[in-house]
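For reference, the structure is listed below as structure tokens.
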Amino acid sequence: MRQIIKKTASLIITLFIVSLLAFLAFQIIPGDPTTKILGTSASPEKVAALRTQLGLDRPVWERYIDWLVSFLKGDFGTSYNYMRPVRSLLADKLPVTVLLTVMSFAITAAAAIPLGIVLGSIRNALADHLTMILDQIIMAVPPFFFGIIACYLFGIVLKWFLPGGYVPLSASIPGCLSYLLLPALSLALPRIAMTVRMLRGSIRHELTQNYVLTAQSRGMPLRAILIRHVMRNAMIPVVTFLAVSAAEIMTGTIIIEQVFTIPGIGRLLVSSIGNRDFPVVQAIVVILAAWIMIVNFIADLLNHWMDPRMRSE
Amino acid sequence: MSLLEVENLRVHFHDAAPDRFAVDGVSFSMEEGDILGLVGESGTGKTVTSMCIGGLLPRWKADTQGSIRLDGTEIFDCSQKELNEILGKELTVVFQEPMTSFNPVYRIGRQIGESLYVHRKDLSQSQRNELILDAMRRAGLYEAEEISRRYPHELSGGMLQRAMIAAAIVTNPKLLIADEITTALDVTMQARIIDQLKRLNRESGMSILFISHDMHVVNRLCRQVIVMQRGRIVESGLTKEIFANPQHEYTKRLIAAIPSRYSGR
Amino acid sequence: MKNRYLLTGGILSTLVTSVIVTGYFWTPYSTTAMNAREKMQPPSLSHWFGTDNFGRDVFSRVMQGAGCSFLIAVLVVLIGCFAGVVIGSLCGYFGGTADLILMRICDTITAFPAILLALVIISIAGSSVSNIVLALGILFIPSFARVVRTQYAGIRDLNYIKAARLEGVSVPRILYAHILPNTLPVLVPAMTIGFNNAVLAEASMSFLGIGIQPPMASLGSMLKDSQNYLTSAPWYALGAGFSIVLLILSFSLLSEGIQVSRNE
């Protein structure tokens, strides 16, 4: 219990540090935001007035606290480009990205865990060889190329769907889900290959441990040993890896949204970087960073619960 | 009928040279209630022999020939299912490494009760707990309740080895195979474990096949002893007689290897 | 079995590298000259990967693009590896509070996907080749530092290092003449893995239009271009995409082979 409180405290501190870094990073950008808004020919008085209005004349730490407080309240600032609150820009885009991430992660876990268990527990030279080769090939394909192949194969050749014809969630839930299926799969494939490889190796390793022999000498059938003894140990490193996968998948949506023209925060982020629309970039980066740290925190807690050795340290 | 009869056992590992047998024609038998020592330096096939008796040597690793009968049942003829009926119930094994023989993620008590979980599904949880605590006390773990709630990494090697013995006797098996169980422990702990085994043998008549490279420990514990070298038996008989009058050169060397202050009873 | 990875990986990566190096000096066709009559030609003997919307030979452009990706990835690995070795060796050898803090920072950085951080850096510093190389290079430091640190922390207390210290060998000499060669078995696979990650990161960023800008082309930016012609000239996308796959696959097989032969 004390450990959990300690971990939570450390999560909150890290979140603060990351938010501070995200804030400071966007303070060192060359050029003044007033130039961006007023243009280069504005009179010094006007610039000074705007600086006061935007609060730029106050010390950095004061502005950080203001920014953080309003960020926590859900006010992410105003987009330079759209002249709209960032929050309203994100409102209909974030759910799409979250849905895509969740789908992709669910596919990864649902495919990789059973596959890894089966491949880790059977002893067959041919299956071993095939998995190793397939693993290597699939891991070498970037998700966006999977996406392009999928667009070509299922969209242009087979005409199963219209690439770029995203169906909003509000229009049709099944339509939206089925459009998101291929992008989710493209993101998931390399992660599945990596997770299978890892879980398989982890199970193989655990099967050589002495406690397996102990269980065998108790007359326990191999299946029961796998379920009761090996799985929990083998999953410990995999849980951490799945957390990394969740972070990678969320970041991967930035790219896959481009391939399938999905209006999520990834597309918004890329266009905002192009337009140097920093409030939007900042908000998205902080949200993504918070997501990644929370996922890692959950993995940490899971490991803590699964592995008693972590508790006593 | 003897409890254990091993006849002309030969084991060949697939990755070994064609004429190199890990166990090469070993025969011996063991009566019920006996403590038999199997000695020899490491790599002489003691552990392989014990693995064969438990049917624990995987087929993809080695070929076996000969016959092993435990209480009249031919081990080599058993299916895995039949074998699983014997293991943990009639025959249990304690291995050398107490630290790694336990699953790191479960509490000690649960792991000691593993054989009950497999073979005595008829018992309730509380009945099982009673048996677990009883076995722990018989193995010399007197703060049984407290220790059963600990995790393996929280206990010392000696405690873990006694917990392993508790796990092996919880079903009151006919035969306990103890494979180098004192090797990883210090001398005081060795002595305590040996006393514990002697008491178990005396009080519940449990037969013990004690495998060791340490002549001194064998001398203190076993009534009969078999000396193995390079997969073969070179000498066997009553421990007393062999110590008094070793016939084989190898046996003499093993006895000579005991530090002087231990030699003699 | 063990040599099969090493063999395939070795042959493939040698092949890929030699094609790329050739591409720096010579390509079958000009990579810039447009040819209206040869627009959107499917793959043939004269144009292995077909031609693009301007009638340029895709294979020649892929050669050049791969050269660009390759160079960036090599530079990124060199920066990351050099800085990683310096930081990792000092942390591992001396330990202490600085080591603790630096490693904690490394862990935090590696928790974030490199592409995300690179996007942040590029969005602040602006998009240019040197910025991409620097951003990725810096982001790759922690993974190297970690690996090197673990090695140094393990080797520092071995007897031959103690002996060298007693003989009065200078610290830099101990660090880089005595210990460094012993970290190579771990460092070399880390470099090939880093190379693959760098190829992938650069390709992703160029694909987003944030990396290499035209008229320069990398495999990622070619793939982005080609997406517009997926209906009329799918070979363009496939040529560029499979080149990325081949580049990554050859070096990952190589690193797998090195690791397997090390374990033997």
Side-chain angles (χ1 to χ4, degrees), chain A residues 14 17-18 21-22 25-30 125 128-129 132-133 135-137 139-149 151-153 155-157 163 190 243-244 247-252 254-255 258-259 266 269-274 276-278 281-282 284-285 288-289 292-293 295-296, chain C residues 1 4-5 8-9 104-105 107-108 110-127 196 199-201 203-210 219-220 223-224 226-227 230-232 234-238 240-253 255-256 260:
Chain A
T14 326
I17 293 171
V18 169
L21 287 177
F26 289 93
Q27 299 298 308
I28 57 165
I29 298 159
D128 266 9
H129 247 71
M132 290 295 259
I133 293 168
D135 258 358
Q136 288 287 342
I137 292 175
M139 282 192 296
V141 183
F144 53 89
F145 187 46
F146 267 130
I148 290 176
I149 295 174
C151 279
Y152 177 64
L153 201 63
I156 294 168
V157 178
V244 176
E248 292 280 352
I249 287 172
M250 186 93 175
T251 316
I254 298 173
I255 299 157
Q258 300 286 317
V259 179
L269 176 67
V270 173
S271 67
S272 301
I273 290 175
R276 304 183 71 74
D277 192 347
F278 296 118
V281 176
Q282 194 174 24
I284 293 176
V285 166
L288 287 181
I292 289 164
M293 282 187 305
V295 167
N296 277 314
Chain C
M1 170 144 176
R4 223 173 276 170
Y5 283 116
T8 330
R104 183 95 180 87
I105 293 173
D107 285 347
T108 314
T110 39
F112 293 94
I115 294 171
L116 181 64
L117 296 179
L119 282 178
V120 174
I121 296 178
I122 294 301
S123 73
I124 293 164
S127 176
N196 279 347
V199 169
L200 197 59
S204 307
M205 290 173 69
S206 303
F207 182 79
L208 290 175
I210 294 170
L219 292 175
L223 204 54
K224 173 189 155 75
S226 70
Q227 230 201 325
L230 206 51
T231 323
S232 48
W235 48 84
Y236 190 6
L238 296 180
F242 279 116
S243 305
I244 300 180
V245 175
L246 191 64
L247 188 56
I248 294 178
L249 183 64
S250 57
F251 281 91
S252 73
L253 284 177
S255 88
E256 187 77 19
V260 168

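Proteins come first, then strands; the chains are lettered A, B, ... in the order of their sequence lines, and each starts at number 1.
Here OH of C:Y5 is found 3.0 Å from CE of A:M132. Values are rounded to the nearest 0.5 Å. Put simply, CD1 on C:I105 and CD1 on A:I17 are 9.0 Å apart, with the number rounded to the nearest 0.5 Å. Expressed to the nearest 0.5 Å, how far CG of A:L269 lies from CG of C:L116 amounts to 7.5 Å. In this structure, the separation between CD1 on A:I254 and CE on C:M205 is 10.5 Å, given to the nearest 0.5 Å. Separating the OG atom in C:S123 from the CD atom in A:Q282 is a distance of 10.0 Å, to the nearest 0.5 Å. Rounding to the nearest 0.5 Å gives a distance of 10.5 Å between CG of C:L246 and CD1 of A:I137.
Considering every non-hydrogen atom in both A:I292 and C:A111, the closest pair reads CG2-O, 3.4 Å. Between C:L230 and A:C151, the shortest heavy-atom distance links the atoms CD2-CB, 3.9 Å. The two residues C:P234 and A:Y152 make their nearest non-hydrogen contact at CB-CE1, 3.2 Å.
Using a 4.5 Å cut-off between heavy atoms, A:M293 touches chain C through its side chain atoms alone. Using a 4.5 Å cut-off between heavy atoms, A:S272 does not touch chain C at all. Using a 4.5 Å cut-off between heavy atoms, A:A289 contacts chain C through both its backbone and its side chain. Looking at C:F251, neither its backbone nor its side chain comes within 4.5 Å of chain A, counting heavy atoms on both sides. The contact between A:I255 and chain C is made by backbone and side chain atoms together, counting heavy-atom distances below 4.5 Å. Using a 4.5 Å cut-off between heavy atoms, C:A240 does not touch chain A at all. At a 4.5 Å heavy-atom cutoff, C:T110 makes no contact with chain A through either its backbone or its side chain.
For the set C:A237, C:S204, C:S252, the entry with the most heavy-atom pairs within less than 4.5 Å of chain A is C:S204. Considering only heavy-atom pairs separated by less than 4.5 Å from chain A, the leading option among C:T231, C:V199, C:T8 is C:T231. Here A:I156 is the residue among A:V157, A:I156, A:V295 with the most heavy-atom pairs under 4.5 Å with chain C. In terms of heavy-atom pairs under 4.5 angstrom with chain A, the leader among C:L238, C:I122, C:T108, C:I121 is C:L238. Between chain C and the residues A:V281, A:N296, A:V259, A:V270, the most heavy-atom pairs under 4.5 angstrom are made by A:V259.
In this structure the side chain of A:V244 never reaches within 4.5 angstrom of the side chain of C:P113, judged on heavy atoms. At least one side-chain heavy atom of C:L223 sits less than 4.5 Å from a side-chain heavy atom of A:F144. Taking 4.5 Å as the limit, every side-chain heavy atom of C:L208 sits out of range of all side-chain heavy atoms of A:I273.
Not one N or O on the side chain of C:Q227 forms a donor-acceptor pair closer than 3.5 Å with the backbone of A:I148.
Residue A:V285 forms a side chain to side chain contact (heavy atoms under 4.5 Å, CB included) with just one option from C:L117, C:V120, C:L119, and that option is C:V120.
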#### Entry: Chi angles and distances behind the side chain to side chain contact (heavy atoms under 4.5 Å, CB included) call for C:R4, A:H129
CA-CA 11 Å; C:R4 223 173 276 170; A:H129 247 71; 3.0 Å; yes
